[in-house]
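Below is one structure, written out as structure tokens; the observations come after it.
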Amino acid sequence: MILDIVTLFPDMFRGPLDDSIVGRSREAGRCEIRLHNLRDWARDKHRKVDDDAFGDGAGMVLKPEPLFACIEDLRREGPARVILLSPQGPLLTQGRCRQLAASDERLILVCGRYKGLDERFIEACVDEELSIGDYVLSGGELAAMVLVDGIVRLLPQALNTPESAESDSLEDGLLDAPQYTRPAEFRGLQVPEILLSGHHGRIAEWRQQQRVERTRRKRPDLYRAWTKENQ
Ligand code: 9WO
């Protein structure tokens, strides 16, 4: 999978995308993540990428020229889906991560800054907007990292064991069952007896009950959606 990231702050991505699952996935060649500095497409002598907002004039807006030029150059290499990280998009879900990981589309992730991007760029060049939550950040970069991580860990063989993805929290709309490890008793706190019993069938049943019950208690919104799907 090829991911192009357009940003004014490419250095922000170094740590998160070089470590852990994403780093290993890149080393193994399962994904290629390319960082592009929007400033490289600024044509004037000051390499200006922003300008005063029309109207109230408060705050800066990313100019259309560098954005259009950048996307046109990247699209020359082949077709790609342009995704803008923005609080105005629908919320990113595990289902959307799964679809994007399974598609063979090249993705171009655009990270905004300041007060936003000139709307003409969004209308002409952006295929999809995605939000990671209802809050405002300083820019789209952290949201893009969340999206990349959510996708790349689902690419084939990106997990330690092939079965891991299906048992992930939210893969079927439910939260995970609680997890425990050794010791079986810690400061008088016991691991649930059933997990030590070795009865794999009954353990699976218990886990599923826990998932349903925890989802109902902790995330009633997800629980309602799950009961509608599984009535
Ligand atoms: C900045 C600003 C300053 C003064 C008055 C109003 C203002 N609005 C904004 C603003 O919304 N800036 C955004 C920063 C512009 C687009 C990139 N930025 C961004 C993306 N912040 N938060 C996100 C984001 C992306 C995905 N999911 C959640 C949040």
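Just follow the structure's listing: the first ligand is 1, and inside any ligand the first atom is 1.
Here CZ of Arg120 is found 10.0 Å from NZ of Lys63. Values are rounded to the nearest 0.5 Å.
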Which pairs of N or O atoms, one from ligand 1 and one from the protein, are separated by less than 3.5 Å, and what is the distance for each pair?
unit_1   : atom_1 : unit_2 : atom_2 : d
ligand 1 : 12 (N) : Tyr114 : O      : 2.8
ligand 1 : 21 (N) : Leu137 : N      : 3.2
ligand 1 : 21 (N) : Leu137 : O      : 3.1
ligand 1 : 22 (N) : Leu137 : N      : 3.0
ligand 1 : 27 (N) : Ile132 : N      : 2.9

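Closest non-hydrogen pair, Ala144 versus Leu109, comes out as O-CD1, 4.2 Å.
A donor-acceptor pair is defined here as one N or O able to donate and one able to accept, closer than 3.5 Å; no such pair exists between the side chain of Thr215 and the backbone of Tyr223.
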Can you give me every donor-acceptor pair (side chain of residues 82-89, partner residue at least two apart or in another chain, under 3.5 Å) with its distance?
unit_1 : atom_1 : unit_2 : atom_2 : d
Ser86  : OG     : Gln88  : N      : 2.9
Ser86  : OG     : Glu129 : OE1    : 3.2

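Among the candidates Arg34, Arg75, Arg76, the single residue satisfying the salt bridge (charged side-chain N to carboxylate O under 4.0 Å, His left out) test with Asp4 is Arg34.
At a threshold of 4.0 Å, the pair Arg207-Asp176 does not count as salt-bridged, since none of the basic side-chain nitrogens sits closer than that to a carboxylate oxygen.
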